[in-house]
Each structure stands twice: as C-alpha cells, then as structure tokens.
There are 2 protein chains.
Amino acid sequence: MPLDRTDFALIALLQNNFRMQNKELAAAVGLAPSSCHERVKRLWDEGVLLSAHAQVDPKRLGIGLEALLFIELGKHERQTVDSFLEEAVSIPEVRSAFLISGRHDVVVHVLARDTAHLKNLALDHFTSRSCVTRVETSIIFEARLRHELPHIG
Amino acid sequence: MPLDRTDFALIALLQNNFRMQNKELAAAVGLAPSSCHERVKRLWDEGVLLSAHAQVDPKRLGIGLEALLFIELGKHERQTVDSFLEEAVSIPEVRSAFLISGRHDVVVHVLARDTAHLKNLALDHFTSRSCVTRVETSIIFEARLRHELPHIG
DNA sequence: TATGAAAGAACGGCGAT
DNA sequence: ATCGCCGTTCTTTCATA
C-alpha cells in the first residue's frame with residue numbers, strides 16, 4: 001500500500017510523458033516489462049493514478065489570449081459558492097476555478113480568442129451575476145506549467 | 001492543414017481521456033482504426049497535440065495543502081522577470097506560474113504538505129528574494145479543473 | 001482521404017522462483 | 001514481488017479504391 005522508490009519513479013515518468021510505452025517505462029525503472037505492467041496497474045487500481053490527458057496547442061484552437069479573473073462574492077454561503085464554482089467551470093472558456101482565502105474569493109483562468117471575446121466572457125458570465133460584487137481582470141503575458149507533482153514526506 | 005469536425009472530436013476525446021485506445025477512438029468518431037490512426041498521427045506531426053500527462057492524486061503524494069501566491073516585483077525588467085519565472089517553476093512545489101497585468105505581477109500555484117511547509121516555501125523562495133516586494137498568500141479551499149480547451153472560431 | 005488485410009509489436013494473464 | 005513465457009489484441013503499414 002505505501003509507495004516505494006520505483007512507484008515514485010513511474011509516477012514521475014507518467015506525469016511528464018504519458019505516451020511512454022510499458023516497455024520503455026520498464027527499462028527506465030530497471031524492471032521487467034511484466035513487473036512494470038503490474039505496478040502501473042496497481043497504481044491505477046489504488047487510485048494513485050487518476051486519469052491522463054492530452055495537451056493541445058491553444059493557438060491551433062483559435063485561442064489568442066488567456067486571463068485570470070479575480071472575483072469577489074457578496075455572499076459566502078455554501079450554496080452560493082458551490083453553484084458559482086460549478087457554473088463557472090461549465091463555461092467552455094474556463095480552464096480552472098479556485099476558491100481561495102484572502103482578498104479575492106475566486107480566481108478563474110479563462111481562454112479567449114481576443115480582447116473582445118474576453119470582454120464578453122467577463123461581462124456575460126461574471127460581472128453580471130448577482131452574487132459577484134467585483135471582477136478584476138488580468139491578462140496573462142506568460143504561463144509556465146509543471147506537470148509533475150512533488151512527492152513530500 | 002485546417003482542422004475539420006472529426007479532428008476536433010478526436011482532440012476533445014484525447015484531452016479528456018488519453019487512455020483511450022485507437023480502436024475505441026475510431027469507433028467514437030465513426031472511422032476505421034487505420035484512418036483514425038493516421039489522423040491522430042497527423043495531429044501529433046502538425047503540433048496540434050503537444051504532449052500527454054498522467055494525473056495523480058495529490059493526497060497520495062503527501063500533499064495536504066494548495067495555495068496561490070500573489071507576488072509583486074520591484075523591477076519589471078525583462079531579465080529580472082524571466083529569471084524569476086524560470087526559477088519559480090523549477091521549485092518542485094510550484095505547479096504553475098503566471099506573469100500577468102494588473103495589481104499583482106505574478107501568480108504562483110504551490111503545493112505543500114501543511115501550513116508549516118507552505119510557510120517555509122513562501123519565506124525561503126519568494127519573500128526573501130530581492131526582486132520581490134510583496135507576497136500575498138491565499139489558501140485554496142477548492143480547485144476545479146477542466147482538461148478540454150474550447151475551440152473558438 | 002478512407003479502407004481492409006497482413007505483419008509486427010505490445011498487452012495482459014499465468015505459473016515458477 | 002519479480003520474471004519469462006505465450007495467446008490475444010492492438011498498432012501500423014501498404015495496396016487498393
């Protein structure tokens with residue numbers, strides 16, 4: 001049940017490149033393909049590995065602009081907050097939504113074609129909502145992502 | 001070169017579930033396996049598909065806490081900003097870093113074991129840096145992610 | 001471009017160590 | 001828990017329409 005060094009190695013490899021085949025994986029961690037296959041299967045079965053996703057070039061989908069929306073909510077009741085988050089993430093242009101402590105209540109990462117599209121997005125889906133008291137929009141100049149989570153402890 | 005309806009369908013499917021096999025994919029878009037295979041290969045060759053990554057349960061890696069750090073920089077010269085971003089994303093606990101317009105300069109998404117770990121992270125890697133004039137830390141209560149990008153236009 | 005068939009490679013389960 | 005074996009399945013190429 002506890003993960004060992006080999007498990008962590010496999011997890012790191014698959015986070016960085018899920019296209020790797022079992023044979024390569026096995027070689028990379030110094031295991032026979034069959035043993036490696038079994039370990040990876042166990043990681044799926046135990047829920048350590050949750051899913052896998054392809055990453056796509058946003059430009060090729062017509063996305064020319066990304067932004068963060070910093071949102072303040074008027075009410076902080078559970079119902080209000082939950083449904084706001086739920087509806088936010090159901091908007092296609094929304095990539096992620098974070099409910100946070102501090103000055104802002106929610107941060108939303110959105111993708112848009114251009115500034116006109118972004119404006120409509122902000123106005124139609126966020127500024128206009130009754131539970132939203134304030135929206136601050138920040139254009140993303142550069143985004144750096146890391147796909148590998150640290151293993152702590 | 002331009003993407004058609006089938007390409008978009010394949011892209012959507014692979015973003016949501018990269019574990020899908022070519023055979024399933026083919027059935028899902030109504031194509032023979034060989035035709036489907038060729039289209040997916042073309043998407044890789046043309047750079048529409050960039051990479052694929054496994055998603056891991058953070059709890060299983062000892063991560064009990066996520067936070068956003070809102071950072072203000074003293075200098076906004078290219079060199080300062082670039083190297084700050086570069087070094088930020090090279091910290092294992094950093095999941096993403098965004099250079100943005102507006103009140104804050106950089107938003108960093110970090111993962112930590114607990115609040116003590118988060119404190120050290122903030123103090124050692126961010127507050128202490130000479131180019132950083134201010135760090136605001138927000139705990140993430142809830143994070144919602146979407147893996148499928150919208151196709152616009 | 002899409003397809004079906006054929007060759008090649010990988011998967012996935014089993015028994016032994 | 002690891003390994004090698006082997007039948008099954010999928011991938012991948014190619015000739016054809």
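Worth saying up front: this structure is predicted, and the values here are computed from it rather than measured. The sequence lines fix the lettering, A, B, ..., with proteins before strands; numbering per chain opens at 1.
- Chain A approaches DNA chain D within less than 4.0 angstrom (heavy atoms of the protein), and the contacting nucleotides run 5' to 3' from D:dA1 to D:dG4.
- The two residues B:Ser138 and A:Gly102 have their closest heavy-atom pair at OG-CA, 4.1 Å.
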For residues 49-57 of chain A, dump all side-chain donor-acceptor pairs below 3.5 Å to protein atoms at least two apart in sequence or in another chain.
unit_1	atom_1	unit_2	atom_2	d
A:Ser51	OG	A:His53	NE2	2.8
A:Ser51	OG	B:Gln55	OE1	3.4
A:His53	ND1	B:Gln15	O	2.8
A:His53	ND1	B:Asn16	O	3.4
A:His53	NE2	B:His147	NE2	3.4
A:Gln55	OE1	A:His147	NE2	3.4
A:Gln55	OE1	B:Ser51	OG	3.4
A:Asp57	OD1	A:Lys59	N	3.1

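- Partners of B:His151 under the ring pair (Phe, Tyr, Trp, His ring centres under 6.0 Å) rule, at least two apart in sequence or in another chain, are B:Phe8.
- Within the helix from C:dT1-D:dA17 to C:dT17-D:dA1, the inter-axis angle between the opening and closing five-pair segments is 30°, rounded to 10°.
- Between A:Phe141 and B:Leu85 there is no side-chain heavy-atom pair separated by less than 4.5 Å.
- Every residue two or more places apart in sequence or in another chain was checked for a side chain to side chain donor-acceptor pair (under 3.5 Å) with B:Lys119, and none qualifies.
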Enumerate, atom names and distances included, each donor-acceptor pair closer than 3.5 Å involving a side-chain atom of residues 63-73 of chain B, sequence neighbours excluded.
unit_1	atom_1	unit_2	atom_2	d
B:Glu66	OE1	B:His109	NE2	2.6

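- Legend: residues meeting salt bridge (charged side-chain N to carboxylate O under 4.0 Å, His left out) with A:Arg5, ordered by chain and number and at least two apart, are absent.
- Residues satisfying the salt bridge (charged side-chain N to carboxylate O under 4.0 Å, His left out) test with B:Glu46, not counting sequence neighbours, are A:Arg60, B:Arg42.
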Please list, pair by pair, any protein nitrogen or oxygen found under 3.5 Å from a nitrogen or oxygen in nucleotides 12-17 of chain C.
unit_1	atom_1	unit_2	atom_2	d
C:dG12	OP2	A:His37	NE2	3.0

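- Pairs passing the salt bridge (charged side-chain N to carboxylate O under 4.0 Å, His left out) check and including a residue from residues 143-153 of chain B, sequence neighbours excluded, read A:Glu86-B:Arg144, B:Glu142-B:Arg144.
- The line from CG of B:Leu111 to CG of B:Leu61 is 9.5 Å long, rounded to the nearest 0.5 Å.
- Of the residues in residues 22-33 of chain A, those lying under 4.0 Å from DNA chain D by heavy-atom distance are A:Leu31, A:Ala32.
- As a member of the Ile/Leu/Val/Met/Phe/Trp/Tyr network built from side-chain separations under 4.5 Å, B:Leu123 groups with nothing else and remains a singleton.
- Side-chain contact annotation: B:His104 with B:Glu136, donor-acceptor N/O pair under 3.5 Å absent.
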